[in-house]
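All values derive from a computational prediction rather than experimental measurement. We name chains A, B, ... by the order of the sequence lines, and we start the count at 1 in each one.
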Amino acid sequence: MSLVQQRLKFQKSLASWYAQSQRPLPWRTQPSLYRTVVSELMAQQTQITTMLPYFERWMRRFPDFTCLADAPVDEVLKLWEGLGYYSRARNLHKLARTWVAADPKPRTREQWQTMPGIGPYTSAAIVSIAFNEPVAVVDGNVVRILARLTHDTRSFKSNGEAVKAFTPLANELIYPKNSGDHNQAMMELGATVCTKHQPQCGICPVARLCAGRHHPDLAQIPKIQRKATERVEIDRAWVVRKGAVLLHQIPASAGQLAGQYELPKLDALAPVKPTAKPILSKSRSITHRRIKENIFRIEAPKRTPHEHKWVALDELESITLSGPHRRWTRVLLQEISGARFLGDPCAPQDESDWPESLR
DNA sequence: AACACGGGGAC
DNA sequence: GTCCCAGTGTT
């Protein structure tokens, strides 16, 4: 008997488990279209426990589409600060303005998918939860559950391949009378029972329908190939003179961050690496690369190198620091100037947010 | 199809 | 350290 043939049992077992065992998340206990949209955007690539306090704070400040649409973008970004993937906040803000202006309001999946920040996953989540449209969501949780239920040991080239592979089955299994809860139940099961590490088959409501249940390799499913993480280390210089900081302007010929400013690379200014420890070390990830940046405090060079420029503090608001360095450059700037970069949503406002080395 | 985009939780 | 998280937009 295939899983699809037993889908009624599957749906029923899942639904009654979800009714009893779901976590009381704020967009479930007090549902609305707006809260559904905000929660789905915030939850993209972000664990629920991480975004939960942000969601509560957001709802206090922006309780509905209109309040959000009326807010300045800087304030929107400020409340998103720390969550990462800031284009989500910009898109959510744009979406609110679009939604308020729309008449009639978007309703179908196709209409929602034209909204900024809304792709195949989020459009399915919104229309199934808010409008009971029978469309399956397929995220990392659903892929993991379905691969294990069918004991699918294939190796997928990417997450996108895996999502594509399991979308038809996910749609076969959906419970059309309550597709919103069905979708949320699938994700809840993946988040709390069918977890990547140590799946809790003993309490799984659909264990008896699971082909992978008794296989020792269950926790290795699904197999999704990842590019090896490449590690890169970059040393940068922190040079201050008379209330100005030395920055490097990325050439206009550069592809991505052309014209923007960044902290200078250390070897462009100092022939030998300082013996003192860096005043700041931060790592960041971009796709398969892990970049560690060390910032050293050094003395001003005799000559200002090509493409470098002294930027006075009162000019700083008018230049664009390249995204990756923005937050930490502002922190350092704040230290020397004592200024509060109130206009910069990425600048930590409290001393407690500063790195240890600067307090 | 591949890559940029963040920061943190869990192991 | 590693992997992954209620993915989307751009090239």
What integer distance in Å separates A:Ile224:CD1 from C:dC3:P? 13 Å
Using atom P of each nucleotide, how far apart are B:dG9 and C:dT8 to the nearest Å? 23 Å
Between B:dG6 and C:dT11, how far apart are the P atoms? Round to whole Å, please. 15 Å
Would one find more than 12 heavy atoms of other residues, nucleotides or ligands at under 6.0 Å from atom CZ of A:Arg226? yes
Rounding to a whole Å, what distance do you find between A:Asn159:CG and C:dC4:C1'? 9 Å
Pairwise P distance, B:dC3 and C:dA6 [rounded to whole Å]: 24 Å
Fit a plane to each ring of A:Trp112 and A:Phe131, take the angle between them on a 0 to 90° scale, and name the class: parallel (under 30°), tilted (30 to 60°) or perpendicular (over 60°). tilted
What is the nucleic acid contact for A:Ser39, judged by heavy atoms within less than 4.0 Å: base, sugar-phosphate only, or nothing? nothing
Looking across every strand, which nucleic acid part, if any, lies under 4.0 Å from A:Thr50 by heavy atom: base, sugar-phosphate, or nothing? sugar-phosphate
Can A:Arg109 and A:Ser123 be counted as having a side-chain donor-acceptor contact under 3.5 angstrom? yes
Tell whether A:Thr49 reaches the base of B:dG8 with its side chain through a donor-acceptor pair below 3.5 angstrom. no
Side chain of A:Gln45, heavy atoms from C-beta onward: which of C:dA6, C:dG7, B:dA1 has the nearest atom to it? C:dG7
Which of the following nucleotides, C:dC3, C:dC5, C:dA6, is nearest to the side chain of A:Thr229? C:dC3
With a 4.0 Å cut-off on heavy atoms, is A:Lys227 in touch with a base, just the backbone sugar-phosphate, or nothing at all? sugar-phosphate
When the ring planes of A:Phe55 and A:Trp27 are compared, do they come out parallel, tilted or perpendicular, using 30° and 60° as the limits? perpendicular
Choosing from C:dA6, B:dG9, C:dC5, which nucleotide comes nearest the side chain of A:Leu25? C:dA6
Using the side-chain heavy atoms of A:Tyr85, tell me which of these nucleotides is nearest: B:dC5, B:dA1, B:dG7. B:dC5
Of the listed nucleotides C:dA6, C:dT8, B:dA1, the one nearest the side chain of A:Trp27: C:dA6
